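Notes to accompany the following structure.
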Amino acid sequence: MTTFHSTRSTTDSLTSKQAIRKGIADDGGLFVSDSLGDEHVDIASLAGKSYRQIAQDVLAKLLPDFTDEELADCIREAYGDQWSDPAITPLRPLGDDYILELFNGPTSAFKDVALQILPRFMARTTPAGGDEDEKIMILTATSGDTGKAALAGFADAPGTAITVFYPEGKVSQVQQLQMTTQTGDNVNVCAVKGNFDDAQSAVKRIFGDKELAAELAGTSHTVLSSANSINVGRLVPQVVYYFAAYAQLLERQVINVGDEVEFTVPTGNFGDILAGYYAKLLGLPVKHLVVASDRNNVLFDFLTSGTYNRQRPFYQTISPSMDILVSSNLERMLYYFSEKDTRLISMLMNDLSQWGAFEVPEPMLKSIRSLFGCGWADEDQVRESIRDCWERNRYVIDPHTACGYFVMQQMPRDPLTPRVLLSTASPYKFPRVVNESLGLDATGTDFECMDVLAEATGTTAPAALRGLETADVRFDDVVEIDAMEEYVRSAAEK
Ligand SMILES: *Cc1c(COP(=O)(O)O)cnc(C)c1O
């Protein structure tokens with residue numbers, strides 16, 4: 001039986017359902033399974049399979065205590081016609097390379113891949129003999145993308161509710177409208193007077209408030225949970241698209257079964273690229289995984305020096321979802337590369353919280369570097385890359401994907417190994433920056449920018465984004481930081 005325990009200790013022994021419900025281990029570690037990779041996914045049978053069939057094969061290996069039927073139901077509901085492309089994550093040629101589009105879901109960002117299925121997993125994790133009426137309330141503070149993807153995933157999901165806080169005036173026009181127009185009876189969206197860090201800290205305090213937890217359990221059968229990217233249920237759905245990319249390369253006869261592929265991944269919290277490592281452990285022939293960072297290049301420094309140091313300036317860039325100084329999911333990669341040494345991981349993480357830095361042993365760094373490449377792009381390079389990619393390939397990329405594009409161009413190219421760039425957002429989520437980079441008019445509203453971009457490039461804005469201009473705003477609450485707890489209480493009682 002596959003069980004999960006913390007990266008920092010082996011005392012827990014949880015099923016995948018329990019790990020998904022719990023989110024994070026009591027000691028602050030992340031849930032991992034020691035049997036990951038014991039069984040491989042059959043790659044010889046990948047070609048010709050649909051995304052859903054591949055998802056079934058892959059998720060059955062990663063979440064073995066879900067029945068085949070439960071997985072099939074989750075997969076059918078999550079990867080249906082809310083996606084604008086039947087391939088879900090289509091692979092397209094990009095010059096001599098390939099690009100894997102992860103942004104064809106309802107919110108036009110790659111987080112949909114995981115957040116469309118997480119609520120379906122959660123609805124199936126109620127413990128036998130547990131409180132049937134128990135409701136999971138997802139609580140999130142967002143600086144932009146995650147909030148909307150979580151709202152879209154949890155809207156009207158049985159047994160759940162969701163409350164999202166965002167900093168008033170600190171998200172883009174499109175991002176704010178994406179959230180405040182969200183439909184669904186179980187959703188709550190509220191602006192907060194403060195910045196993202198204030199909102200995030202307040203959410204952490206609410207999670208840690210035992211009295212509130214007892215009160216919510218008693219009066220409204222509600223338990224608070226988070227949908228952040230360290231949850232096992234958010235990580236494992238991302239493993240699927242690496243296999244789906246491989247299947248599409250097989251179908252195009254770019255590779256034969258067993259040939260190796262290289263992936264370049266725009267990285268923030270290390271979830272997306274970690275899923276590529278899980279795919280390799282499950283038997284996918286991955287030659288290299290290249291971490292692409294923006295100006296917040298803490299991972300580049302770590303992978304080149306062996307020292308992870310979070311004590312550095314934080315830059316707010318045009319690729320906001322990659323502006324991160326602590327990449328939480330890195331801890332799982334370190335666990336596997338330490339040969340599952342929970343004592344070492346516990347020590348490193350203790351160093352990080354106490355001193356703001358840690359250093360890994362030299363042999364460990366060497367083996368990490370044999371698989372993981374790295375690079376980063378500053379904001380001028382990001383803008384140039386958006387223009388270069390358009391001029392060479394007639395393909396428009398967003399600023400996050402552009403970090404990956406820049407880094408991929410820097411890497412030595414082995415003509416025998418196909419390269420796949422993961423594209424994490426639609427350019428229409430960031431139309432102003434894209435227009436500026438392409439030398440187009442960027443003076444109007446976000447919607448005018450979208451129209452200019454469409455006209456100039458012959459591409460089409462996703463209907464859900466373009467339609468925001470006229471969508472009904474459902475939420476206009478603004479609260480002080482101190483009033484967030486009360487907002488959660490009344491949301492739970494709804
Ligand atoms: C979240 C996000 C990323 C970073 O992904 P991680 O899994 O956190 O590394 C990159 N690009 C976009 C558009 C995102 O929303």
Side-chain angles (χ1 to χ4, degrees), residues 30 89 99-116 118 140 142-153 171-172 174-175 178-179 196 227-242 263-279 289-300 302-303 317-333 372 374-377 382 385-386 396-407 421-431 433-434 462 465:
L30 278 54
T89 59
I99 189 160
L100 184 71
E101 292 184 354
L102 304 180
F103 57 73
N104 291 298
T107 81
S108 304
F110 108 96
K111 292 187 172 60
D112 287 331
V113 178
L115 282 164
Q116 281 296 302
L118 178 66
T140 306
T142 186
S143 54
D145 280 355
T146 306
K148 174 59 184 184
L151 284 165
V171 302
S172 78
V174 164
Q175 284 175 322
Q178 274 193 306
M179 293 188 275
F196 171 67
N228 68 22
S229 76
I230 55 179
N231 193 304
V232 170
R234 249 191 87 174
L235 177 64
V236 297
Q238 299 174 0
V239 180
V240 176
Y241 49 70
Y242 286 90
F263 293 93
T264 301
V265 188
T267 298
N269 216 13
F270 212 78
D272 196 355
I273 195 159
L274 181 75
Y277 176 57
Y278 276 38
L289 292 164
V290 180
V291 177
S293 302
D294 67 15
R295 195 174 168 209
N296 295 290
N297 55 6
V298 61
L299 285 168
F300 175 85
F302 169 63
L303 290 167
T317 75
I318 51 177
S319 45
S321 298
M322 293 162 62
D323 293 343
I324 282 173
L325 294 184
V326 178
S327 293
S328 312
N329 266 305
L330 184 69
E331 184 170 340
R332 285 192 167 103
M333 185 268 263
F372 286 91
C374 59
W376 65 283
V382 168
S385 297
I386 292 172
V396 191
I397 52 177
D398 93 291
H400 302 81
T401 308
C403 293
Y405 179 87
F406 180 82
V407 170
L421 170 62
L422 271 54
S423 177
T424 51
S426 161
Y428 283 94
K429 277 203 89 165
F430 306 93
V433 174
V434 171
L465 289 183

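The shown structure was predicted, so the numbers you read here are calculated from the model rather than taken from an experiment. Note that ligands are numbered from 1 as they come in the structure, with each ligand's atoms numbered from 1 the same way.
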Please tabulate, for the side chains in residues 271-278, all donor-acceptor contacts under 3.5 angstrom to protein atoms that are two or more places apart in sequence or on a different chain.
{"unit_1": "D272", "atom_1": "OD1", "unit_2": "Y241", "atom_2": "OH", "d": "2.5"}

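By the side-chain contact (heavy atoms from CB on, under 4.5 Å) test, P462 is found to be paired with S108, S426, Y428, L465, residues two or more places apart in sequence or in another chain being considered. Every residue meeting the side chain to side chain donor-acceptor pair (under 3.5 Å) condition with N297, not counting sequence neighbours, appears here in chain and number order: R312.
Contact check for V171 versus Q178: no side-chain heavy atoms found under the 4.5 Å cut-off. Residues T146 and R234 form a side-chain contact, since some pair of their non-hydrogen atoms from C-beta on lies under 4.5 Å apart.
Note that the CG atom of D112 and the CG atom of L118 stand 12.5 Å from one another [nearest 0.5 Å].
The contact shell of ligand 1, taken as protein residues with any non-hydrogen atom closer than 4.0 angstrom, comprises F110, K111, D145, P266, T267, G268, N269, F270, G271, D272, S321, M322, H400, T424, A425.
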